[in-house]
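Written below as structure tokens is the structure these notes are about.
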There are 2 protein chains.
Amino acid sequence: MKKNVKIEFKCVLKDVLDILGGKWAIPIIYVLFDGTKRFKELERNIPNINTRMLVKELKKLEGANIIRREAFATIPPTVEYSLTEKGKKLQPIILNLYKWGEENVDL
Amino acid sequence: MKKNVKIEFKCVLKDVLDILGGKWAIPIIYVLFDGTKRFKELERNIPNINTRMLVKELKKLEGANIIRREAFATIPPTVEYSLTEKGKKLQPIILNLYKWGEENVDL
DNA sequence: CAGCATCCATCATGATACTG
DNA sequence: CAGTATCATGATGGATGCTG
């Protein structure tokens with residue numbers, strides 16, 4: 001009997017895409033490969049994102065345990081974002097995507 | 001001098017995400033790993049997609065040379081979709097994403 | 001600085017009905 | 001079957017003001 005692609009798809013890939021499939025998740029994660037970043041640094045490093053979207057995506061990624069948020073009670077406040085172990089495991093995948101792009105986009 | 005993440009990001013990953021970053025591109029490609037599929041088969045195998053979105057995404061993917069469209073003048077009409085070489089190169093990447101999901105989503 | 005709240009315009013998506 | 005057309009709804013972008 002043939003393997004049911006549909007069921008498999010529903011179970012896992014859907015959840016992955018709910019997290020990574022949006023417009024901003026991968027860009028944010030990509031910037032964080034470079035190391036810990038503050039809120040404003042992320043905003044500056046991600047072209048065309050706006051505050052509202054950045055806040056929203058950071059929460060989603062934090063909720064999915066892909067990034068970690070650390071707040072420091074300084075004045076003015078400092079908040080640092082970094083990848084968790086789970087998030088770091090995405091690095092090779094995203095770099096492969098990047099590589100695929102270099103080799104295959106717009107030839 | 002430090003490598004400029006921003007510029008690199010803009011040049012390639014953005015283009016990749018324009019193609020693959022939507023809600024339906026990866027699901028469609030994933031189903032096509034199984035082999036050539038007709039329009040209706042795709043629609044049946046991708047949970048919750050609707051005709052309009054499927055048509056639109058298929059066109060986008062065809063335009064990006066990731067899938068190939070072949071129409072046959074039968075009655076009723078037959079249209080088959082399959083992955084191009086470029087599209088097939090995405091298989092390991094998407095399977096890694098899938099694997100990442102199995103290991104890291106909702107534990 | 002690191003957000004949250006709000007208003008508004010525009011774009012993307014969903015659900016169906018319809019046609020060659 | 002393989003789409004196209006249409007309408008309703010929701011998500012997102014952009015500007016801006018407010019707070020601890």
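We name chains A, B, ... by the order of the sequence lines, and we start the count at 1 in each one.
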Q. Could you state the CZ-P distance from B:R38 to D:dG3, rounded to the nearest angstrom?
A. 10 Å
Q: Measure from CD on A:E43 to P on C:dC1 and round the result to the nearest Å.
A: 10 Å
Q: Pick base, sugar-phosphate or nothing for A:Y81, based on heavy-atom distances below 4.0 Å to the nucleic acid.
A: sugar-phosphate
Q | Qualifying residues under salt bridge (charged side-chain N to carboxylate O under 4.0 Å, His left out), relative to A:K23, sequence neighbours excluded | A | none
Q. What nucleic acid atoms does A:V55 come within less than 4.0 Å of, heavy atoms only: base, sugar-phosphate, or nothing?
A. sugar-phosphate
**Q.** By salt bridge (charged side-chain N to carboxylate O under 4.0 Å, His left out) - contacts of A:E70 (at least two apart)
**A.** none
Q: Could you list the residues that satisfy salt bridge (charged side-chain N to carboxylate O under 4.0 Å, His left out) with A:E80, not counting sequence neighbours?
A: none
Q.
Checking A:R69 now: which residues fulfil side chain to side chain donor-acceptor pair (under 3.5 Å) with it, not counting sequence neighbours?
A. A:Y81
Q: Specify the separation, in whole Å, of atom CZ of B:F39 and atom C1' of D:dT4.
A: 10 Å
Q) Between A:P77 and A:K59, which has a closest nucleotide on DNA chain C that is more 5'? A) A:P77
In a table with atom names and distances, give each donor-acceptor pair under 3.5 Å that connects a side chain of residues 89-96 of chain A to protein atoms at least two apart or in another chain.
residue : atom : partner : partner atom : Å
A:N96   : ND2  : A:P92   : O            : 3.3

(Q) How many whole angstroms separate atom NZ of A:K37 from atom P of C:dA2? (A) 13 Å
Q.
Can you give me the closest heavy-atom contact between A:V12 and B:G101, atom names plus distance?
A. CG1-C, 3.6 Å
**Q.** Distance, rounded to the nearest Å, where B:L58 contributes CG and D:dT4 contributes P
**A.** 11 Å
Q) A:K40 has an atom NZ; how far is it from atom P of C:dG3, in whole Å? A) 10 Å
Q. Going by number, which of residues 64-71 of chain B have a non-hydrogen atom under 4.0 Å from DNA chain C?
A. none
**Q.** Between the first and last five pairs of the helix from C:dC1-D:dG20 to C:dG20-D:dC1, the angle of the axes, rounded to 10 degrees
**A.** 40°
Q.
Test of understanding: with side chain to side chain donor-acceptor pair (under 3.5 Å), list the residues that count as partners of B:K40, not counting sequence neighbours.
A. B:E43
Q | For B:D18, all residues meeting side chain to side chain donor-acceptor pair (under 3.5 Å), sequence neighbours excluded | A | B:K14
(Q) I'd like to check the side chain to side chain donor-acceptor pair (under 3.5 Å) partners of B:R38; sequence neighbours left out, ordered by chain and number. (A) B:T78
Q. For A:L42 and C:dG3, what is the distance between atoms CG and C1' respectively, to the nearest whole Å?
A. 13 Å
Give me the distances for all protein-to-nucleotides 11-18 of chain C N/O pairs that come in under 3.5 Å?
residue : atom : partner : partner atom : Å
C:dG14  : OP1  : B:K23   : NZ           : 2.7
C:dG14  : OP2  : B:W24   : NE1          : 3.3
C:dG14  : N7   : B:R52   : NE           : 3.4
C:dG14  : N7   : B:R52   : NH2          : 2.8
C:dG14  : O6   : B:R52   : NE           : 3.3
C:dA15  : N6   : B:R52   : NE           : 3.1

Q.
Run the salt bridge (charged side-chain N to carboxylate O under 4.0 Å, His left out) test against A:K99 and tell me which residues pass, sequence neighbours left out.
A. none
Q: Might you point out which heavy atoms bring B:I19 and B:K60 nearest each other, and give the distance in Å?
A: O-NZ, 3.2 Å
